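Inspection log for the structure reproduced underneath, given as structure tokens.
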Amino acid sequence: MKDFFNKKKLLPLLLTILVFAADQISKILVVNMIPPFSIGCSFFGDLLRIIHVSNEGIAFSMGSSLPGNIRSILFGVAPFVVILVVFAVYFRNNDFSDLQRWCICGVLGGGLGNLFDRVFRSEGVVDFIDVKFFGLFGFERWPTFNIADSAVVICGIILIISFICIEAGKK
């Protein structure tokens, strides 16, 4: 049991809490200060904008047209189960590196932030970071995202790279 809950495993959970808190605080500010579907402010011309939109789907609004009960299962229950499984694996596994533990906790914080929105916000997940994308991949602007999304993507990429590097080092 001592190995199950040790400082090495508990300390990175601070990142989970930090990401979740930053995500929810930023969303509260956006909801309270910027009317829906409007621009709150722009930086560097229109390169970066803070706007207020909601997303009932997942990445790139996929699934937003599905019936509400299907969306609830796919985007609420399934992510909750995945988060529980990740927490279980996180605490049972003693082979993750420190970097991997911090990355997993960053992904969990982001996942919890968006799951919280799906459960407690009738309008869906609040997105507010809007970046000009100059027509790349057919996007004039990248799909709007939030702090939780950023944490999942950044920590997820670092985690994948760390697994690749470890495997490459074994060969």
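Small disclaimer: the values here were computed from a predicted structure and weren't measured.
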Open item on the list: Quick one: does any side-chain atom of Asp117 pair with a main-chain N or O of Val126 as donor and acceptor, under 3.5 Å?
Closed with: yes
TODO: Find out whether Phe145 and Val131 are in side-chain contact, i.e. whether some heavy atom of one side chain is under 4.5 Å from a heavy atom of the other.
DONE: yes
- [ ] Measure across Gly106 and Val19 and return the closest heavy-atom pair with its distance rounded to 0.1 Å.
- [x] O-CG1, 4.2 Å
Task: Residue that, paired with Leu14, satisfies side chain to side chain contact (heavy atoms under 4.5 Å, CB included) out of Leu18, Thr16, Leu11, Leu10 - done: Leu11
Task: Atom pair CG/CD1 of Asp130 and Ile39 - distance to nearest 0.5 Å - done: 7.0 Å
- [ ] Kindly assign one of parallel, tilted or perpendicular to the pair Phe116 and Phe120, based on the angle between their ring planes and the thresholds 30° and 60°.
- [x] tilted
Task: side-chain hydrogen bond (donor to acceptor under 3.5 Å, both in side chains) partners for Arg101, two or more places apart - done: none
Open item on the list: Quick check against the 3.5 Å criterion: does Asp23 have a side-chain atom that pairs as donor or acceptor with the backbone of Ala148?
Closed with: yes
Task: Approximate separation, where rounding is to 0.5 Å, of Asn93 CG and Gln100 CD - done: 8.5 Å
Task: Straight-line distance of Cys103 SG to Ile158 CD1, nearest 0.5 Å - done: 5.0 Å
Task: Note, Ile83 side chain near Val86 side chain (heavy atom, < 4.5 Å) - done: no
Open item on the list: Tell me whether Tyr90 shares a hydrophobic cluster with Phe80, the cluster being built from Ile, Leu, Val, Met, Phe, Trp, Tyr side chains joined at under 4.5 Å.
Closed with: yes
TODO: Verify the distance criterion only: is there a donor paired with an acceptor across the side chains of Lys9 and Asn94 at less than 3.5 Å?
DONE: yes
TODO: For Asp127, check salt bridge (charged side-chain N to carboxylate O under 4.0 Å, His left out) against everything at least two apart and list the hits.
DONE: none
- [ ] Kindly indicate, with the supporting measurements, whether the criterion side chain to side chain contact (heavy atoms under 4.5 Å, CB included) is fulfilled by Asn146 and Asp149.
- [x] CA-CA 5 Å; Asn146 57 45; Asp149 298 333; 3.3 Å; yes
TODO: Go through the side-chain N and O atoms of Lys27 and Asn114 and say whether any donor and acceptor fall under 3.5 Å apart.
DONE: yes
Task: Flag, side chain of Gln24 to backbone of Gly113, donor-acceptor distance under 3.5 Å - done: yes
Task: Pairwise side-chain contact, Arg141 with Arg49, heavy-atom cut-off 4.5 Å (strictly under) - done: yes
Open item on the list: Distance check, rounded to the nearest 0.5 Å: Ser97 atom OG versus Lys8 atom NZ?
Closed with: 8.5 Å
Open item on the list: Please check this pair: side chain of His52 against backbone of Ile34, looking for a donor-acceptor N/O pair closer than 3.5 Å.
Closed with: yes
- [ ] Carefully, step by step, assess Phe20 and Leu15 under the rule side chain to side chain contact (heavy atoms under 4.5 Å, CB included).
- [x] CA-CA 8 Å; Phe20 179 81; Leu15 183 58; over 6 Å; no
- [ ] Indicate, with yes or no, if Phe37 and Ile50 share a hydrophobic cluster defined by side-chain heavy-atom contacts under 4.5 Å among Ile, Leu, Val, Met, Phe, Trp and Tyr.
- [x] no
Task: Flag side-chain contact, heavy atom, 4.5 Å: Trp102 against Cys155 - done: no
Open item on the list: If hydrophobic clusters are built by linking Ile, Leu, Val, Met, Phe, Trp and Tyr wherever their side-chain heavy atoms come under 4.5 Å apart, do Ile166 and Ile164 end up in the same one?
Closed with: no
Task: Separation of Ser162 OG from Asp98 CG (nearest 0.5 Å) - done: 11.5 Å
Open item on the list: Tell me if a side-chain donor or acceptor on Asn32 pairs with a main-chain N or O of Leu29 at a distance below 3.5 Å.
Closed with: no
- [ ] Would you kindly confirm whether Val89 and Phe87 end up in one hydrophobic cluster when ILVMFWY residues are joined by side chain heavy atoms under 4.5 Å apart?
- [x] yes
Open item on the list: Do Ile51 and Ile129 sit in one hydrophobic cluster, given that two such residues count as connected whenever their side-chain heavy atoms are within less than 4.5 Å of each other, even indirectly?
Closed with: no
Task: Residue that, paired with Phe128, satisfies side chain to side chain contact (heavy atoms under 4.5 Å, CB included) out of Ile147, Val31, Val53 - done: Ile147
- [ ] Please check if atom CZ in Phe134 has more than 12 non-hydrogen atoms from other residues, nucleotides or ligands closer than 6.0 Å.
- [x] yes
